[in-house]
4 protein chains.
Amino acid sequence: MRTIDAVLESIESGTVTITCGFSEALTQQHGLFHGGVVASLADVACGYAALSVMPANREVLTVEFKIHFLKVVQAGRTLTVCEGSVFDATRTRVLARMTTTMMAVDAAV
Amino acid sequence: MRTIDAVLESIESGTVTITCGFSEALTQQHGLFHGGVVASLADVACGYAALSVMPANREVLTVEFKIHFLKVVQAGRTLTVCEGSVFDATRTRVLARMTTTMMAVDAAV
Amino acid sequence: MRTIDAVLESIESGTVTITCGFSEALTQQHGLFHGGVVASLADVACGYAALSVMPANREVLTVEFKIHFLKVVQAGRTLTVCEGSVFDATRTRVLARMTTTMMAVDAAV
Amino acid sequence: MRTIDAVLESIESGTVTITCGFSEALTQQHGLFHGGVVASLADVACGYAALSVMPANREVLTVEFKIHFLKVVQAGRTLTVCEGSVFDATRTRVLARMTTTMMAVDAAV
């Protein structure tokens with residue numbers, strides 16, 4: 001957090017906000033925030049969010065994460081990111097959550 | 001879709017609903033829908049959702065997807081699934097979307 | 001497994017092979033195996049592989065998976081799938097495993 | 001790369017090695033490399049690897065990545081990370097690649 005100058009702005013039960021000032025040291029070749037920095041920010045926020053709903057004597061470790069860089073997706077025009085939810089028969093309880101990368105191709109004649 | 005008896009219920013621009021009747025042929029060892037069926041449903045829905053926002057002469061192919069089975073996560077009690085969004089400086093535009101699996105461990109003394 | 005006519009071919013400690021005969025009921029719009037079927041096969045194989053290294057009184061549940069459809073990636077030419085491993089200082093122990101979708105764009109002048 | 005003191009050690013066609021010296025500024029609460037740093041390293045290596053197989057006038061952007069932190073998985077004992085490959089009928093061509101998180105649970109009686 002210190003290395004990337006990020007600030008923990010708010011913690012509620014299950015929801016955390018972190019902000020990070022722009023700095024050239026954190027950019028990639030196009031002057032944007034490096035993906036690793038973006039991922040670190042989201043990872044730290046998710047970690048605190050998980051911690052905020054756990055008993056006091058527990059810590060939290062990241063097993064895995066997946067991150068989609070939407071700006072990159074939008075720049076390319078042939079890719080679309082979709083998010084899907086699978087509900088149970090009552091249509092209220094979420095059983096599964098999916099994120100996908102979809103590619104547009106010309107339709108076969 | 002036919003093989004798993006799924007029905008396309010509604011398509012709006014960018015949003016699609018599919019339903020699927022329960023059948024023993026689609027279950028795993030605990031009598032729940034098999035993960036592959038759950039994933040297929042979400043994948044098909046995401047594909048139609050992507051298609052619904054594309055020009056008429058385009059098809060859509062799934063490059064990759066990731067799916068979290070929340071029922072499994074909840075059963076385990078030590079895992080938490082978190083979703084993170086990274087916004088730009090205006091806090092309105094989403095730059096990146098993350099999904100994580102977080103594991104609770106006892107805090108080191 | 002029965003629904004998609006898959007056969008468990010071999011199980012060794014940590015390695016499992018499953019085969020699946022081609023059938024029209026399992027295809028998508030281009031006559032290829034549907035992504036959900038491909039994912040189911042890999043998921044079942046991974047599950048048995050995990051089970052093969054566990055004590056006898058344990059079962060295994062899929063928390064999440066991510067799958068890359070390489071044929072789709074190759075068809076598109078602008079996407080490349082990369083796999084990365086992060087090793088410790090001895091360069092023998094794997095600390096992390098990454099899979100990515102990379103997109104080629106024209107270089108800015 | 002500069003910010004995390006990483007060094008590009010070798011580039012061959014499709015394979016890249018990056019090393020990174022240990023520094024306290026890059027650690028998380030347990031004194032290990034922060035997940036974001038580990039992810040950045042793997043992401044940069046994957047990006048160069050993709051670039052190494054592209055024409056000279058192309059750049060590469062990360063669409064998405066997923067990363068598994070194996071040390072965390074191993075510490076927990078109830079989780080197993082599996083990787084699956086789906087081959088075509090000739091058993092030589094890889095059609096899909098999967099990574100999963102599997103959870104061990106007590107077998108139902």
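No hydrogens, no waters, no symmetry mates; every other heavy atom, side chains included, goes into these values. Remember, predicted model here, so these are calculated numbers, not experimental data. In what follows, chains are A, B, ... by sequence order, proteins preceding strands, each numbered from 1.
- Judged by distance alone, with hydrogens and angles left aside, the side-chain atoms of B:His68 form no donor-acceptor pair with the main-chain N or O of B:Leu70 at under 3.5 Å.
- The shortest side-chain heavy-atom distance between B:Met103 and B:Val105 falls under the 4.5 Å cut-off.
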(request) Please test B:Ile11 against B:Leu8 for side-chain contact (heavy atoms from CB on, under 4.5 Å), starting from the C-alpha separation and ending with a verdict. (result) CA-CA 8 Å; B:Ile11 303 187; B:Leu8 182 55; 3.6 Å; yes
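- Proximity of B:Val94 to B:Val86: side-chain heavy atoms (C-beta onward) are nowhere separated by under 4.5 Å.
- The candidate with the highest count of non-hydrogen atom pairs below 4.5 Å against chain B, out of C:Val63, C:Val72, C:Val81, C:Thr99, is C:Val63.
- Annotation: maximal heavy-atom pairing with chain B below 4.5 Å, among C:Ile67, C:Leu61, C:Leu79, occurs at C:Ile67.
- Each of C:Asp43, C:Val73, C:Thr62 has some count of heavy-atom pairs under 4.5 Å with chain B, and the biggest count is that of C:Thr62.
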